[in-house]
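Okay, so here's the structure we're looking at.
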Amino acid sequence: FYETIPGLLVWGTLFVCVVLAFTRPLVMIYFIILFDVYWVLKVINYSFYLLVAWRRFSNAKKVDWKNKLGELQNVDSKRHIIFLTLFDETWDVVKTAVQSVCESAYDKSKFVIVVAGEERKKDNYELILRKIKEEFGGCFGDIVGTLHPTDLPDEIVGKGSNLHYSEQETRKYIDRRGWKYEDVICTIFDIDTVCHPQYFAYLTYLYCAHPRPTRSSFQPIALYNNNMWESPAVLRIMAFGTTFWIMTALARQDALVTFSSHSMSFQAIVDAGYHEKRIVSEDSRIFYQCLLAYDGDYEVTPMYIPVSMDTVRDDNWLQSIKNLYRQQRRWAWGVEHAPFLMFEFFKKGREKFPLWKKVKWIFLELEGKWSWCMVALIITLLGRLPMWVAPESVRQSALFFNAPHMLEYLMLLAMFGMLLSALLSLPLLPPRPAKYPKHNYVIMLLQWLLLPISLIFVSAIPAIDSVTHLMFGKYLGFNISQKKRGT
């Protein structure tokens, strides 16, 4: 029943909007005007927090965080474990990720690299693990590998089940060395993640300065710019859109949930029962697992330092768009958290988990996925529908006559958010390869004109695809995001 709710909200909204457009067009016009006002306020909110995050991001990059660690007393006991989940990625992708960790401004003798491979791709796992040990063996305290067996019971194929197994094996490794779980900081990276040189120094500083570090995850800014110049425009603007969404969430912090690459204590991982092995969206689910394990006493601490990853580029343009659709659908499959929270919250009494927190997190999950599915369609298509189908009697009203002008002004105001995103995207670009002319920077600005179309076809529609699958119990499995870099 809970799994039907997100889909019913989305399809119910579509149905009501279409019916009202034909039967009560003036009511629909009132709704569209109010919705556009609401959306302009959301854009203002987005722009404000994006600028706040940008300022903090700019300041954090200037700090020598390794030097600041000298201000703290509890640093020496901390150790880092970096999980790299591997499937069939090539050595050139893996090498840049490991190289970035090796070049970190931190004592790498306290780093343990865990290469979490899949038995289904055992040959590739053994090849990559051997190459990492050969090229980076002298850089880290240790490099170990875990091989996730095929077809273990009660799990689905994907990153979550791989991590679940790897974390159990890593616990044995930690226990043999007698390390305290609260002194072990775990970082979960996608295999293509290139971290900022100051990432681990900054992370250690935040962890050691935090009053209760085992009750917090640590979320960096995710950039998808490793292969940005080689990627099609649609992939670029959707990648930047994800980055700016994360930045605003970091600045607001009240609704911040872990996403993609992040860090947390091993103590929290153990207390939460390791990463969930039966779901697709393990990166954000681990936050909710901790939230439930600690009866709501868990948070995410923002890190205003970036990690860089790849867009889902392929050599073929059409295949790149298909990859983007599948990636967006997989991300939108995070809607599975909403029924999970409803089910789990129902079992917890108010004395353990306050009612307002239950309502808050359920609302954030439902409203977030509903907006993902509906906003672009309401603004671009459904908002125009009553103008197209209204009878002549309605067309004579003052509201009908003035509505297009009001909507036009509101959308012009809303475009400020797009303009701000376009301008801030330029400083985030990696260095321009010599084969691309300088006028490509102009293209990087003009590409944002594709945003309305992109938000419908490779954002809203895949999100609707996800909630519809969940509504009918057609569960999506984990699909590997194909990522290729240009030569």
Side-chain angles (χ1 to χ4, degrees), residues 84-101 103 124 128 131 159 189-197 199 220-247 259-261 305-331 418 421-455 457-459 462 479-487:
L84 300 175
T85 52
L86 177 72
F87 187 61
D88 62 352
E89 290 81 6
T90 56
W91 171 239
D92 63 320
V93 172
V94 179
K95 180 180 178 180
T96 54
V98 181
Q99 182 74 41
S100 71
V101 180
E103 294 173 353
N124 188 57
I128 296 297
K131 282 182 170 291
K159 183 181 174 183
F189 277 166
D190 288 343
I191 199 64
D192 60 325
T193 301
V194 175
C195 63
H196 190 279
Y199 180 89
I221 297 170
L223 299 179
Y224 292 86
N225 63 354
N226 288 345
N227 57 349
M228 182 65 75
W229 286 97
E230 296 89 359
S231 300
V234 173
L235 268 66
R236 293 197 295 260
I237 58 175
M238 295 305 295
F240 279 127
T242 302
T243 295
F244 293 141
W245 165 72
I246 293 171
M247 291 182 75
F259 172 80
S260 189
S261 298
I305 285 286
V307 293
S308 300
M309 291 166 282
D310 291 20
T311 67
V312 286
R313 173 192 178 273
D314 200 282
D315 293 331
N316 179 274
W317 184 88
L318 181 59
Q319 187 59 46
S320 295
I321 302 302
K322 291 180 180 178
N323 290 345
L324 178 61
Y325 183 97
R326 285 194 288 264
Q327 183 190 58
Q328 292 289 315
R329 186 177 65 171
R330 176 165 61 84
W331 286 354
M418 185 179 77
S421 299
L423 293 175
L424 293 183
S425 68
L426 292 181
L428 295 178
L429 286 170
R432 176 179 56 86
K435 63 180 179 178
Y436 293 101
K438 290 183 179 180
H439 69 253
N440 272 38
Y441 284 107
V442 178
I443 296 174
M444 291 291 183
L445 280 175
L446 295 178
Q447 69 188 11
W448 285 89
L449 296 174
L450 295 172
L451 183 62
I453 298 173
S454 302
L455 287 177
F457 292 103
V458 288
S459 184
N479 66 278
I480 305 297
S481 295
Q482 179 65 49
K483 300 175 180 180
K484 292 185 179 181
R485 297 179 187 173
T487 55

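Starting from 1, each residue takes its place in the sequence as its number.
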Taking the side chain as everything from C-beta on, heavy atoms only, tell me whether [X] gets closer than 4.5 Å to [Y].
X	Y	result
E89	I128	no
E103	P197	no
F240	M228	yes

List for me each residue that meets ring-ring contact (aromatic ring centres under 6.0 Å, His included) alongside W317, sequence neighbours excluded, and say none if there are none.
none
Which residues satisfy the ring-ring contact (aromatic ring centres under 6.0 Å, His included) test with Y199, sequence neighbours excluded?
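Expected list: F189.
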Output yes when a side-chain donor or acceptor of [X] lies under 3.5 Å from a complementary backbone atom of [Y], and no otherwise.
X	Y	answer
D190	D192	no
R313	N227	no
T243	A222	yes

Apply side chain to side chain contact (heavy atoms under 4.5 Å, CB included) to the pair L429 and W229, showing each step before the final yes or no.
CA-CA 8 Å; L429 286 170; W229 286 97; 4.1 Å; yes
[atom1] of [X] to [atom2] of [Y]: how many Å apart, nearest 0.5 Å?
X	Y	atom1	atom2	result
L428	M247	CG	CE	6.5 Å
C195	Q99	SG	CD	10.5 Å
F259	I221	CZ	CD1	13.0 Å
F457	L324	CZ	CG	13.5 Å
I191	S261	CD1	OG	10.0 Å
W331	S459	CH2	OG	10.0 Å

Walk me through whether M238 and Y224 qualify under side chain to side chain contact (heavy atoms under 4.5 Å, CB included).
CA-CA 9 Å; M238 295 305 295; Y224 292 86; over 6 Å; no
Ignoring hydrogens, what is the shortest heavy-atom contact between P220 and I246? Give both atom names and the distance.
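That would be O-CG2, 3.9 Å.
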Scan side-chain atoms only and decide if N225 and S308 contain a donor-acceptor pair under the 3.5 Å cut-off.
yes
Q327-N323 side chain donor-acceptor pair, cut-off 3.5 Å:
no
Out of N226, D310, D314, T311, which one pairs with S231 under the side-chain hydrogen bond (donor to acceptor under 3.5 Å, both in side chains) rule?
T311
With a cut-off of 3.5 Å and sequence neighbours excluded, list every side-chain donor-acceptor pair involving residues 445-453.
unit_1, atom_1, unit_2, atom_2, d
Q447, OE1, R236, NE, 2.6
Q447, OE1, R236, NH2, 2.9
Q447, NE2, M444, O, 3.3
W448, NE1, S425, OG, 3.4

